[in-house]
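Chain naming here is simple, since letters A, B, ... match the order of the sequence lines and numbering starts at 1 in each.
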Amino acid sequence: MTTTAGAGPPPSLRSRRGAPRRELARWGLGVLGIIVLASLWELYKLLGPSDGLVLADARVLPRTSDLAMPHIWDMLARLSEPVTRADGSRPLWLEVAIAATATLGIAAAGWVVGLVVGVGLALVMQRWRLAEWGLLPWIVLSQTIPLIAFAPVVRSWGARVEIGSFEWQDWMSVALIASYLAFFPVAVGTLKGLQSPDVIHVELMRTYAVGWWKTLLRLRLPAAVPYLLPALRLAAANAVIGAIVAEVSTGLQGGIGRILIQYAGQASGDPSKAWGPIFGAIVLGLAAAGSIAVLGSVLRNYRRVEVDA
Amino acid sequence: MTVARRPGAGAARVLAPIVVGAVVLGLWQLVVTVGGVDDYLLPRPAAILAVVAEIAPSMLSAGAITGLNALLGLVVGAAIGILAALAASSIRVIDNMIAPIVTALAVIPIVALAPVLNTMFGADSQFGRQAVAGLAAFVPVFINTLRGLRQTLPVHRDLMRAYAAGSSQVMRAVTLPTAAPFVFTGIRIASSLAVISALVAEYFGGPRGGLGGLISTSAASSAYARAWAYVLAAIVLGLAFYLATLAIERLALRRRS
Amino acid sequence: MTNTGDDGAGSSERPRPASPGTATAVTVTGVDKVFETRSGQVSALKRIDLIVAAGEFVSLIGPSGCGKSTLMRLIADLDQPTSGSISVFGKSARQARLDQDYGIAFQQSGLLPWRTVAANIELPLSLHGVAASERKSRVGELIELVGLRDFADRYPDQLSGGMQQRVAIARSLAEKPNLLLMDEPFGALDEMTRERMQSELVRICAETKAAVVFVTHSIPEAVFLSDRVVVMSPRPGRVQQIVSMQLAADRTDGLREEHAFFDMVTAVREALHQGSPVSSVRGVENR
Amino acid sequence: MTNTGDDGAGSSERPRPASPGTATAVTVTGVDKVFETRSGQVSALKRIDLIVAAGEFVSLIGPSGCGKSTLMRLIADLDQPTSGSISVFGKSARQARLDQDYGIAFQQSGLLPWRTVAANIELPLSLHGVAASERKSRVGELIELVGLRDFADRYPDQLSGGMQQRVAIARSLAEKPNLLLMDEPFGALDEMTRERMQSELVRICAETKAAVVFVTHSIPEAVFLSDRVVVMSPRPGRVQQIVSMQLAADRTDGLREEHAFFDMVTAVREALHQGSPVSSVRGVENR
Amino acid sequence: SSTSEEPTDSGDGGDGGGALTPVSLQLQWLPQGQFAGYFAAQEQGFFEEEGLEVEIIPSGGDIVPQDALANGDVDYAIAWVPKVLGSIEAGADITNIAQIFQRSGTLQVAWADSGIESIKDFEGKTIGSWGFGNEWEIFAAMAENGVDASTVEIITQDFNMNAFLSGDIDAAQAMTYNEYAQLFETPNPETGELYTPDDFNVIDYNETGGSMLQDAIWADAERIADDEEYQQTTVAFLKAVIKGWVYARDNPEEASEITLNAGSGWGPSHELWMVNETNKLIWPSPNGIGIIDEEEWNSTVALSLATVNETGAQIITEEPPATAWSNEWIQQALDQLTEEGVDVTGEGFEPIEVELNEGGN
Ligand SMILES: Nc1ncnc2c1ncn2[C@@H]1O[C@H](COP(=O)(O)OP(=O)(O)OP(=O)(O)O)[C@@H](O)[C@H]1O
Ligand SMILES: Nc1ncnc2c1ncn2[C@@H]1O[C@H](COP(=O)(O)OP(=O)(O)OP(=O)(O)O)[C@@H](O)[C@H]1O
Ligand SMILES: [Mg+2]
Ligand SMILES: [Mg+2]
């Protein structure tokens, strides 16, 4: 005789495994969505009023000039053309890719710092309720501070740091600013995760007469993984955004933020060029967020329960 | 079992953040005053407060400009987010089609978008900033609403079918109320994002007068105390948005456990 | 003492007036149900035949996964049979659902947490456009019936599990259905509350004279409530045996301590274990 | 047939060897428990006296909120009594916890979802620094004991509810405790699975010779398993009556159909209803 | 960035084989032809000849060069005079040691058919500016020409001319060496041809009475007052810089090449235009490159004191201290260079003709 309590696999497993055909359809539709968006762009550009639609003093539909809305194919073609007419000038896509890689490295450093700080704060807040009450409101508030206000301060302060042979580099200022955006989701998500174990699990550890550290290692940290992963994904996207903003703000060379403003400055004469780094920034953000998915599959045994993170 | 809340916990809850804030401010003041840190770049809190008193009217009017941009962006972005989520939740194809676009929107930095939007919508209007705020607000509202619309319990769905309820009845009686807390969470996240996005967008052109423009102008002329005063106004604005959405949420959901 | 197979409406021990014009509430004929899942087909029900007379109380009992809920969902037209037919009061299941011929209740009460007790009971009425005054009086009656007069304005989270189930039952009775479908409505309650709820259900059924299809895991519960107990066997779900309860028509609490009651319990237990030997203990569960 | 009050260790019907050196597993003397809540004080337990002999199986039964879980938590030193004292194998409850003298299991299995069956059972051993080889052999024994040999590498979400509870029980036995504390361990299972689990528990207790304090809502379950059933009354929780089971020492499944069994069920039912009259039905539940 | 709080060596001359003195220079913006002289000095080894190892630090959106200097992050900074005057009043203790640009390079550009031909025509119009202190010249010129600033709406332009080209602003701020060129790199959508100077009306701030001094080299006032090593380094630095600018004057194509290699992202034609236009702002320098014309200085200070922006703020409220500028060091540098036979006035300077390509490429 066989009996089943709660027949069928639990939803966590059911939803994660997709038949390959379904998966393919999903990708196909995603591509279709992008094609539809591109078609809408071109269609509007073709049919829309050249000065956009102005209602009650506000332009609610954009202008269709080549300056405002270059053709999609122009943007794509521009990517394969050299950056400038100078000899040995690299194709735009390569220039963007090189800059994106540099930014990715800085963002990764910022992400790591954000991770360490965020998890550290979460541990402190989990350990002491009073710390949670005292810190959490400020952590939330910290994200309403316009980051750009900080950039010069951070760079200037960093410039003074010189410990032994260690000298503060400008990219570190950028990474630090990136970490400022990255730490927030990590702190909040990890705290939620560390607090997620059921009372029954916490009490079980108590019956085993083990202390806070062992409970942390064996129970709270593993239980926090499902909360940590989305937080890390958000942190990765935020780190990239923060790194780009900080590059713009501090004028750091070599990254995508730098060419973003540089090409924006050239957009009057070469409107398609400015879109190169925009696409680069999107791809970069997606790559950063996507790499967390890899981490997620490594830790999949810790994600056997799906949570509302 | 839940730990019984000790009496006095409420007071600690309110006092703790105030104490932390006071300690940080005190340390800041101490470092700048005594610690030998140059107060050229980092003015002491007292100096900032003095400036606040001086330029309060300008902070208010600038806050109003930025706040209005953020508010319009938030309202429109949230509305579009909710509608798009409704469409995505009821039509799977739409869901799959907009998924990559939303994912891209979620990772795109405002710096990249602001100049383009200014050209598209005109640098002489606030619309570019409102659009930036709207885009920033759209993403969390869409994601959370969509999740909320999928929370309908099977037992409620069965019940509605047993009542032979029409799809609009199901939407009104079950789906929307179930999604409501998620929608509000999305709006709450969006509120701070809208403010900060509207503000940062001011760095990239358009009419003057908003908080972002004033922060940059003040910093450019080395008036750091003034810059920090406007930063303070920005924080207060962000906080006001957050608290307002929180209050609306509490009010709307007061009958939930 | 036990009848195998479908023995029709005649075996009801405590006849109640049939609903006007029809002698049978539910007729299930040769029903199969196969679920298509990603890992293949699951045959949930196989050649089910069952007739529930008007006013009759029938329980479905059987091991987990034997298809009790599936059968009930087919009757409620929440799902369609793969083959075979189901009629409710002589109509198709779908028509019966559209006509609101049945009321339904589940293991989870399924109350809407943002509605008060009264508003929850009112839900089906307002969905069907019943006038406000009529709604009000009907809700008043129902609240009275389930004994929650003082709790009309409470919200579900302010009620105990038993009270929540009473609200759900009141709601299922809102449209005065001649058929009640109940899927383990007391499954989440503790045993003492459960016994009280059973007594209440007996009283309510006597008042409303509705036929009931009742899914349960509890043998004493099935015995206490039912005219007939349908014992099902799993994989694929089949009707193993139908046991008619030889018990007094009025089910009072005293019954639970009578030897006749224990005998019926034993009878159902044996019918249940017939397909699945009791002794095999280790490693037999499987998914 | 029923004894009121504390009748000590002597009434055990099926004596098992006491754990070395101690005749009593648990001694609860004059325990009160008052909870401070925002809305005032809640008196959960009032003057509780109870002695559980080594190797004895004692069930706690009573209406929801009567303090069964609270009493068990006090014994486990998960909470402290407001007054009175508790000793476990002659030590303080705290010392007994630190010495790992008891194993515990709850209604929810409380398995760690990211650990396999074997790793879950191993958890207490690895927390206490037991050597890997010893851990391995002990886990092997326990998996064997609960009949899950083929499932050692599965994850909890791949198991049925009954199997999960077996893992939890194996885990509670990992340190070979002389006392098992179980709070409605089978509460979430369906009745057939539950009966099987009860039989298994009987077998396991016979093998391990541990004393058991077992919280349940089910009268037949308490009767089937216990040497004595402690019936509690609510608000504040008191020991209403202690009923010694006059049943054969070896509890086989056949017992469930014997009249002696029904008699004990009736005895416990009556003890239970003594405090709360069965007849009052409406609006009696409260939170 | 390397700071040289304690310069290790007096970088006097290039004779000693000793270690080079590290020096950092904060630019005002990204590397581009505007700074060709500094990059040329770097690339041509002029700094090294003077015993210096110079790090040229570009800035970006929010870096305020004079603040980097005032904070001691760098040794020298390039910044516009009116912006720095505000910083000095806010507490920055720095000195203008060389006024590289002798003229203002700011234009206000309107469409040829817009009817905007002088500052007076700004009334009631939408006027673009980049902000960050670049708007002061506009306010100064308006005040000078009796325009009621409250009727003028100032819009912040971003990094390109799109707002102007799209008609969002009636007159856009443009530097002769940059944004102005962008206009001629853009095709007219109506004709498909690039725009030409005939399409625009140009207002040169040098002719409005509102012009202010622009790119100058700033040094730390305290250190230059009594730190001898810093003084010597400063003279050496200025010498190398002048040699760089002379090189850029005489070899605009090569100088443009050098800035491109230094990381300027502009296209070659735009870059060359920029170097050429920058030369026009410097050369000829009758008193010698970098000499601060006291009259111009005083005019800039007077305008800074008088000019009020739309929020009622002023650049400065009181006269800057005497330490705000000094010709002492540039004069020493010029003298030494003249001795070496370098042409530091560029009397015979002739700009070249530059043809712009679409997109500046
Ligand atoms: N929607 C579905 N898709 C696939 N299989 C299903 C579905 N619903 C039920 N099943 C399968 O049909 C069988 C019967 O399920 P059903 O829920 O009717 O059992 P049950 O008797 O109600 O069990 P329980 O006592 O646990 O409630 C099970 O094997 C189950 O896995
Ligand atoms: N931590 C606590 N704080 C306040 N009151 C509590 C706490 N724990 C339990 N109580 C109260 O003590 C009483 C006894 O609770 P307990 O959980 O022991 O009952 P129980 O017999 O286990 O009930 P159930 O059968 O529902 O599990 C209840 O009235 C409960 O509300
Ligand atoms: Mg079921
Ligand atoms: Mg309990």
Proximal to chain B - members of residues 103-110 of chain C, heavy-atom separation under 4.5 Å: C:I104, C:F106, C:Q108, C:G110
Of all heavy-atom pairs linking C:P124 and B:Y163, the shortest is CB-CE2, 3.7 Å
Where does B:A162 contact chain C at under 4.5 Å (heavy atoms): side chain, backbone, both or neither? both
What are the two closest non-hydrogen atoms of C:L78 and B:D158, and how far apart are they? CD2-O, 3.4 Å
Distance check, rounded to the nearest 0.5 Å: B:R161 atom CZ versus C:D77 atom CG? 5.0 Å
Pairs satisfying ring-ring contact (aromatic ring centres under 6.0 Å, His included), at least one member in residues 162-188 of chain C, at least two apart: C:F186-C:F214
Over 12 non-hydrogen atoms of neighbours within 6.0 angstrom of NZ in C:K136: no
Toward chain B, the part of C:R73 with a non-hydrogen atom under 4.5 Å: side chain
Would you compute the distance between atom CG of C:L127 and atom CG of B:L159 and round it to the nearest 0.5 angstrom? 9.0 Å
So which of C:Q100, C:E175, C:R115 has the biggest tally of heavy-atom pairs under 4.5 Å with chain B? C:Q100
Answer yes or no: is there a donor N or O on one side and an acceptor on the other, between the side chain of C:H128 and the main chain of B:A165, under 3.5 Å? no
Heaviest contributor of heavy-atom pairs below 4.5 Å to chain B, chosen from C:D79, C:L98, C:L123, C:D183, is C:L123
Flag if over 12 foreign heavy atoms under 6.0 Å of CZ, C:R94: no
Structural part of C:L181 lying under 4.5 Å from a heavy atom of chain B: neither
